Amino acid sequence: MNEAEQPEETTRRVRTGSTGLDTLLRGGWLHGGTYMVTGAPGTGKTILGNQLCFSHVANGGRAVFVTMLSESHGRMTEHLRRMRFFQRDVIGQSLHYVSGYATLKSEGLEGLAKLLYRSVREHEATVLVVDGLLAAQESAGSVLAFREFLHGLGVHNALAGCTTLVLTNRQENAADPQFAMVDGVVVLELQQRGLRAVRTVEVTKLRGEAQLLGRHTFDITERGLNIYPRLESLHRHPPQEKLDLERRQGFGLARLDEMMQGGVRPHCSTLLLGSPGSGKTLMGLHFLECGARQGEPGLYFGFMETAPRLLAKADGVGLPLRPAVDSGRVVLETRAAVESLPDALAHELLGLVERHRIQRLVLDGLEPLLQEPLEPNRAPDFLTALLNVLRSRGVTTMMTQQTQVLFGPRLEAKVEGVEGIVDNIVFLRYVEFRSQLYRMLSILKMRESDYQPALREFSISTRGIDVAETFESAEAILTGLARPLNVKTKRSRPKKAVRRLPSRKRSRS
């Protein structure tokens with residue numbers, strides 16, 4: 001076997017402690033590499049460094065965390081106590097904290113370098129984190145001296161099999177020599193978007209490796225840094241699928257399913273578009289209950305109505321949703337849309353789909369996912385990527401979106417561009433006629449499928465949703481504008497209206 005035929009050696013990786021960051025790095029840090037994390041104070045650098053150390057020792061490694069600041073180790077570990085990854089019993093055993101500030105001050109870069117080499121060797125460290133590199137840079141006599149310090153640290157630790165992470169303040173100059181001396185650069189930022197502050201991370205350099213480009217959002221919780229890679233960067237290509245044009249998934253509403261030739265196609269996406277109270281959520285619950293009866297696990301993921309309210313809603317119209325929920329065939333999940341990250345919600349949704357092996361999904365409310373703090377014009381790409389990954393996992397998706405017009409046929413949705421992305425659109429609306437409100441539905445679009453486009457009246461009562469057999473009841477009502485023809489007379493000037501009233505004439509006789 002010649003050299004070209006030899007199998008390629010698998011590259012060893014060191015997990016970062018953050019699943020999302022591992023995804024951005026295509027698996028984690030390269031074993032023995034030197035990496036830099038930059039960011040302004042408060043962006044999460046120190047937490048990320050500790051997250052790496054505790055995760056590494058939990059998997060059998062050994063780590064050293066060197067501080068260059070005057071803050072005591074006791075105070076830092078006190079701040080870390082609320083983190084789930086924090087384990088006090090490993091400190092002094094497989095994880096060691098070392099202060100380099102005094103050495104740097106008294107002996108300079110050369111003394112600091114010796115301290116770092118000695119710490120790695122004595123503690124047999126496979127991970128080294130140096131927090132506060134800016135202090136070392138400022139104490140260097142020249143740019144060349146600082147570059148030699150970084151180069152020596154990288155070479156020594158690579159030979160020792162130790163992965164190194166250096167943490168420093170944000171450097172605005174992309175040509176700064178320190179960036180050239182490391183194998184990768186990760187930038188943490190805290191951006192202001194309106195009244196909100198949004199944390200972002202970007203891998204700007206990864207030597208010899210591919211990474212997910214662009215900025216990605218993250219938050220800091222008791223789990224540490226939770227990074228949410230943009231769906232567009234993960235799922236850029238449409239899934240390969242085999243269309244099943246014969247099979248249908250219905251709502252369990254005979255006349256609505258009849259309008260759809262039996263229901264929607266498997267793995268497609270449907271938008272229930274309508275004004276508040278028009279019946280979107282209830283139709284979604286019908287879709288889930290119908291699937292549960294056919295052995296198809298369903299998930300409701302919404303932002304307003306809690307599980308007890310949804311069950312009460314179903315009970316009120318005679319929909320037997322409660323047994324499906326009790327048996328686990330339907331899962332009801334509600335999230336507060338306040339101060340939430342769309343990417344975080346999307347990743348949580350996909351996690352629930354995977355965990356419960358969902359086949360039918362009702363996403364009740366697109367607005368929290370597709371509005372702030374998404375970047376401008378990102379919503380169509382974000383939704384396309386989300387639907388692609390749901391389709392690839394065999395999920396049939398039902399989404400709801402509110403219109404801005406309460407009455408009438410105009411389609412003024414709060415989020416633009418969705419209509420061209422989804423496969424099917426069902427339009428629900430109110431129609432006012434002679435001081436009464438009527439519910440109407442129509443199918444505006446169904447890809448790869450025939451359907452009945454006629455307007456149908458429907459009602460919601462304690463007996464459930466009742467869709468009219470034909471379009472005849474709806475035909476008597478003009479599309480959202482139906483009023484008696486003498487309405488204009490009522491809007492004319494008062495004096496003319498009074499003279500035309502027959503009762504007035506009788507009073508004069």
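The shown structure was predicted, so the numbers you read here are calculated from the model rather than taken from an experiment.
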| said: If you apply the rule side chain to side chain contact (heavy atoms under 4.5 Å, CB included), what do you find for D364 with M304, and how did you get there? | reply: CA-CA 8 Å; D364 196 7; M304 291 298 296; over 6 Å; no
| task | List the steps and the verdict of side chain to side chain contact (heavy atoms under 4.5 Å, CB included) for H286 and L321. | result | CA-CA 8 Å; H286 270 277; L321 182 65; over 6 Å; no
| said: If you apply the rule side chain to side chain contact (heavy atoms under 4.5 Å, CB included), what do you find for Y300 with L285, and how did you get there? | reply: CA-CA 8 Å; Y300 171 93; L285 297 181; 4.1 Å; yes
| said: Please evaluate residues E333 and R335 with respect to the criterion side chain to side chain contact (heavy atoms under 4.5 Å, CB included), reporting the C-alpha separation (whole Å), side-chain torsions for both, the decisive distance (0.1 Å), and the verdict. | reply: CA-CA 7 Å; E333 295 285 346; R335 297 293 181 269; 2.9 Å; yes
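Closest approach of R199 and D219 over heavy atoms only: CD-CA, 4.3 Å. Annotation for P229 and L234: closest pair CB-CD1, 3.9 Å, computed over non-hydrogen atoms. Listed here is the closest heavy atom pair of R265 and R447: NE-O, 3.4 Å. Residues L109 and F146 share a closest heavy-atom pair of CD1-CA, 4.1 Å. Contact detail for L225 and G44: the closest heavy-atom pair is CD1-O, 3.7 Å. When all heavy atoms of S269 and D423 are compared, the pair lying nearest together is N-OD2, 2.9 Å.
A distance of 6.0 Å separates CG in L21 from CG in L48, rounded to the nearest 0.5 Å. Here the straight-line distance linking atom CD of E189 with atom OG1 of T200 works out to 4.5 Å at 0.5 Å rounding. Here the straight-line distance linking atom CG of L361 with atom CG of L352 works out to 9.5 Å at 0.5 Å rounding. Note: L213 CG to R230 CZ = 8.5 Å, rounded to the nearest 0.5 Å. Summarising the geometry, atom CE belonging to M68 is positioned 8.0 Å from atom OG1 belonging to T103; distances are rounded to the nearest 0.5 Å. Here the OG1 atom belonging to T397 is positioned 10.0 Å from the CG atom belonging to L299, to the nearest 0.5 angstrom.
Between H96 and H123, the ring planes are parallel. Angles under 30° get that label, and only those over 60° would be called perpendicular.
Side chain of R360 to backbone of F287: a donor-acceptor contact under 3.5 angstrom is found. A distance-only check finds no donor-acceptor pair linking the side chain of R147 to the backbone of M181 [under 3.5 Å]. Panel note: side chain Y228, backbone L345; no donor-acceptor pair is recorded below 3.5 Å. Here the side chain of K45 pairs a donor or acceptor atom with the backbone of A40 at under 3.5 angstrom. With hydrogens and angles ignored, the 3.5 Å screen pairs a side-chain donor or acceptor of R62 with a backbone N or O of Q93. Between the side chain of T400 and the backbone N or O of L272 there is no donor-acceptor pair closer than 3.5 Å. Side chain of Q401 to main chain of L366: no donor-acceptor pair is present (N/O by atom type, distance under 3.5 Å, no hydrogens or angles). Under the 3.5 Å distance criterion, the side-chain polar atoms of S327 are matched with a main-chain donor or acceptor of A324. The backbone N or O of G32 sits nowhere less than 3.5 Å from a side-chain atom of R12 that would complete a donor-acceptor pair. Side chain of Q402 to main chain of E367: no donor-acceptor pair is present (N/O by atom type, distance under 3.5 Å, no hydrogens or angles).
Taking 4.5 Å as the limit, some side-chain heavy atom of L369 sits within range of a side-chain heavy atom of L363. Contact annotation: the side chain of R26 approaches that of L212 to within less than 4.5 Å [non-hydrogen atoms, C-beta and beyond]. Using a 4.5 Å cut-off on side-chain heavy atoms (C-beta onward), T403 and L273 make contact. The side-chain heavy atoms of F86 and I91, taken from C-beta on, include a pair separated by under 4.5 Å. Put simply, the side chain of T126 reaches to within 4.5 Å of the side chain of H56, judged on heavy atoms. You'll find the side chain of L80 stays beyond 4.5 Å of the side chain of R88, heavy atoms only. You'll find the side chain of L30 reaches within 4.5 Å of the side chain of Y35, heavy atoms only. In this structure, the side chains of M76 and N50 come closer than 4.5 Å at one or more pairs of heavy atoms.
Under a 4.0 Å N-O distance rule, the pair R247/E296 qualifies as a salt bridge. A salt bridge links R81 with E78: the closest approach of a Lys/Arg side-chain nitrogen to an acidic carboxylate oxygen falls below 4.0 angstrom. By the 4.0 Å N-to-carboxylate-O rule, R82 lies too far from E222 to be salt-bridged with it.
Here F382 pairs with nothing under the ring-ring contact (aromatic ring centres under 6.0 Å, His included) rule; sequence neighbours left out. Contacts of H216 classified as ring-ring contact (aromatic ring centres under 6.0 Å, His included), with partners at least two apart in sequence or in another chain: none.
Sorted by first then second residue, the salt bridge (Lys or Arg N to Asp or Glu O under 4.0 Å) pairs that include residues 114-143, not counting sequence neighbours, are E110-K114.
Side-chain contact, N226 with T221: a donor N or O sits under 3.5 Å from an acceptor N or O.
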